[in-house]
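Below: one structure, written as structure tokens.
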Amino acid sequence: MHVDRNEFHPLEVDRIREDFPIFAGDSPIAYLDSAASSQTARCVLEAMDGYYESYRSNIHRGIYHISEEATAAYEDARQKIARFISARRASQVVFTRNTTESINLVAHSWGNANIGRDDEILLTVMEHHSNLVPWQLLAERTGATLRFIEVTDEGLLQLDDLDQLLTERTKLVAITHVSNVLGTINPVWEITAAAHSVGATVLIDAAQSVPHLPVDAQALDCDFLAFSGHKMCGPTGVGVLYGKRELLEEMPPFLGGGSMIRAVQRERSTYADVPARFEAGTPAIAEAIGLGHAVDYLEKIGLDAVHAHEQQIIDYAHQKLSEIDGITIYGPKPRMKAGVITFNLEGIHPHDLAGVLDTTGVAVRAGHHCAQPLMQHYGVIATARASFYLYNTMEDVDRLYDGALKAQNLLARRQG
Ligand code: PLP
């Protein structure tokens with residue numbers, strides 16, 4: 001079947017691309033790896049430069065005006081992020097390094113205090129290692145048991161089993177909102193409601209949802225939500241943990257040091273209120289300010305518009321790539337997922353495919369995508385993954401398609 005990309009009506013992205021310096025020039029990269037890390041918007045770079053050039057200083061303690069300016073900018077970023085995810089209060093937003101650190105914070109601080117040897121932690125088979133290994137470590141420390149929601153061959157969660165999996169022993173449910181491999185958008189609201197009905201606490205790994213879809217933490221009613229700045233047009237080195245106020249307030253510190261204390265004596269200390277209690281040491285000040293500007297930028301474009309744009313691209317990518325002989329595409333139909341397409345070409349290792357694509361200026365990821373249990377479910381060691389964002393175009397899909405054909409020609413000839 002011939003697919004005409006003019007049948008699709010992508011958003012006008014030419015102007016958006018001008019906001020990203022990496023796409024300047026005559027032969028821009030087809031960047032299809034935003035699920036790993038997005039590109040950075042110019043306004044974010046300018047905001048960070050502004051801090052370094054004009055008011056660089058430490059925050060919260062300085063009694064001079066540039067420190068007060070830096071403190072205000074850092075706290076302003078917290079306010080913006082709270083509004084972006086519809087948190088009730090800014091103090092429910094804790095700055096961390098990334099999603100991984102946010103989840104580890106919960107596993108140590110909340111987990112050590114609340115999980116015992118008779119308890120169960122419910123995860124899914126499609127978790128990123130960031131939302132698996134911290135719970136394995138917690139289970140090792142406490143003797144708790146890990147249980148898993150299975151994945152169907154179509155790449156959806158097997159929710160028929162949920163009633164059996166959720167019992168009064170389930171103390172925590174930790175699930176990804178959007179799979180970084182399959183793109184599946186999971187019904188996290190329903191799972192959260194079911195988990196709460198047995199008294200379990202819920203953590204949502206929102207690393208792949210907050211950058212791409214409107215996410216309302218209060219409407220989801222989750223207890224914790226974790227995401228990373230570098231996947232949402234922001235800088236590396238800053239992430240977020242959102243938590244319900246009553247949970248955060250009763251949690252002990254994760255890391256100890258400066259900024260997180262109220263008073264320190266030789267033998268013991270008392271701790272600051274949240275969120276400072278969880279932000280030990282000098283934080284990533286410029287990065288937090290940059291993330292606040294990334295949020296401004298995404299809000300201006302609108303997360304509904306970003307999601308709709310990605311849906312159009314992923315529709316087109318599915319149709320176009322399905323034309324290739326010997327392709328296996330993993331995961332659900334385009335309408336049930338975010339802007340990620342994962343596939344293998346028969347007889348070609350995904351690393352070799354990614355290498356050939358790179359020679360044509362197309363950047364995709366190849367490997368296990370930090371989701372080895374999901375790879376085991378599909379019986380593969382690795383896949384190729386193309387992931388899209390607001391600055392991608394239908395031409396990027398065409399370049400992926402042409403590069404895949406080139407890889408088939410080259411590698412088949414070499415093998416033949
Ligand atoms: N969770 C998911 C679903 C992810 O896709 C990723 C990164 O790819 C992470 C967690 C970890 O994010 P980070 O490396 O920023 O901690």
Side-chain angles (χ1 to χ4, degrees), residues 35-36 96 98-108 110-111 115 119-140 144-159 161-162 165-166 170-192 194-195 200-213 215 220 222-228 231 239-242 330-332 336-338 340 342 365 367-383 385 387:
T96 61
N98 46 39
T99 306
T100 304
E101 187 175 283
S102 299
I103 296 173
N104 277 278
L105 192 167
V106 176
H108 277 265
W110 181 89
I115 299 285
D119 295 335
E120 291 180 355
I121 298 167
L122 182 60
L123 310 169
T124 84
V125 173
M126 64 168 77
E127 296 312 313
H128 188 284
H129 298 162
S130 291
N131 197 30
L132 171 59
V133 181
W135 308 118
Q136 292 174 341
L137 293 169
L138 177 63
E140 278 170 23
T145 303
L146 301 183
R147 302 193 74 189
F148 293 87
I149 303 174
E150 294 296 330
V151 173
T152 65
D153 286 344
E154 209 194 333
L156 303 173
L157 291 179
Q158 182 89 56
L159 291 176
D161 300 342
L162 194 58
L165 288 166
L166 284 173
T170 316
K171 288 292 173 305
L172 177 75
V173 177
I175 44 171
T176 192
H177 194 172
V178 171
S179 161
N180 65 308
V181 180
L182 304 172
T184 315
I185 302 173
N186 290 320
V188 284
W189 187 87
E190 285 87 334
I191 299 171
T192 300
T201 295
V202 177
L203 177 141
I204 294 179
D205 174 349
Q208 298 293 347
S209 60
V210 164
H212 300 275
L213 322 164
V215 172
L220 287 179
C222 57
D223 300 293
F224 298 108
L225 187 87
F227 55 98
S228 299
K231 295 184 195 286
V240 170
L241 173 68
Y242 156 90
Y330 305 92
M336 299 162 90
K337 65 185 211 169
V340 178
T342 291
R365 184 141 294 237
H368 55 59
H369 314 294
C370 297
Q372 288 187 4
L374 188 62
M375 297 290 116
Q376 288 149 16
H377 168 82
Y378 282 107
V380 294
I381 291 171
T383 64
R385 179 188 74 184
S387 55

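What's counted below: heavy atoms across the whole structure, side chains too, no hydrogens, waters or symmetry copies.
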Does some side-chain heavy atom of Trp110 sit less than 4.5 Å from a side-chain heavy atom of Leu172? yes

Please examine the side chains of Met336 and Thr184, heavy atoms only from C-beta on, and report whether any two atoms are closer than 4.5 Å. no

Does the side chain of Thr342 come under 3.5 Å of the side chain of Thr383 through a donor N or O and an acceptor N or O? no

How close do Ile121 and Ala144 get, counting heavy atoms only, and between which atoms? CD1-CB, 4.5 Å

Indicate whether the side chain of Thr100 and that of Ser130 have a donor and an acceptor atom separated by less than 3.5 Å. yes

Side-chain contact, heavy-atom cut-off 4.5 Å: Leu220 with Val215? yes

When rounded to the nearest 0.5 angstrom, what distance separates CG in Leu159 from CD in Glu150? 11.5 Å

From Val133, Leu146, Ile115, residue fulfilling side-chain contact (heavy atoms from CB on, under 4.5 Å) relative to Leu138: Ile115

Least distance between heavy atoms, Gln208 atom then Asn180 atom: NE2-CB, 3.5 Å

Tell me the closest heavy-atom pair linking Val240 and Thr96, and the distance in Å. N-OG1, 3.5 Å

Measure centre to centre between the rings of Tyr242 and Phe224, then say whether the value is under 6.0 Å. no

In Å, rounded to the nearest 0.5 Å, how long is the span from CG of Leu156 to OG1 of Thr124? 11.5 Å

Polar side chain donor-acceptor pair, Thr99 to Ser228, under 3.5 angstrom: yes

His368 and Ile381 have their tightest heavy-atom pair at CB-O, 3.8 Å

The residue among Asn131, Leu123, Thr192 that forms side-chain contact (heavy atoms from CB on, under 4.5 Å) with Leu203 is Asn131

Test item: Leu132 and Pro373 side chains (from C-beta on) under 4.5 Å apart, heavy atoms: yes

For side chain to side chain contact (heavy atoms under 4.5 Å, CB included), just list the numbers for Tyr330 and Val380, CA-CA rounded to whole Å, side-chain angles, deciding distance to a tenth of an Å, and then say yes or no. CA-CA 11 Å; Tyr330 305 92; Val380 294; 3.6 Å; yes

If we only count heavy atoms from C-beta on, is the His377 to Met126 side-chain gap below 4.5 Å? no

Is any side-chain heavy atom of Leu213 closer than 4.5 Å to one of Ile185? yes

Quick check: does any side chain N or O of Tyr378 sit under 3.5 Å from a backbone N or O of Asp153, one acting as donor and the other as acceptor? yes

Side-chain contact test, heavy atoms from C-beta onward, threshold under 4.5 Å: evaluate it for Trp135 versus Leu137 and give yes or no. no

Answer yes or no: is there a side-chain heavy-atom contact under 4.5 Å between Leu241 and Val106? yes

Distance-minimising heavy-atom pair for Ser179 and Leu182: OG-N, 2.9 Å

Here the gap from Leu105 atom CG to Ser102 atom OG, rounded to the nearest 0.5 Å, amounts to 7.0 Å

What's the shortest heavy-atom distance between Ile204 and His177, and which atoms? CG2-CB, 3.8 Å

Report the distance from atom CG of Leu157 to atom CD1 of Ile149, rounding to the nearest 0.5 Å. 5.5 Å

May I have the step-by-step check of side chain to side chain contact (heavy atoms under 4.5 Å, CB included) for Met375 and Val181, ending in yes or no? CA-CA 9 Å; Met375 297 290 116; Val181 180; 3.8 Å; yes

Only residue of Leu122, Asn186, Ile191, Asp205 satisfying side-chain contact (heavy atoms from CB on, under 4.5 Å) with Ile175 is Ile191

Backbone N or O of Ala36 within a donor-acceptor pair of the Lys231 side chain at under 3.5 Å? yes

Any donor-acceptor N or O pair under 3.5 Å, side chains His128, Thr176: no

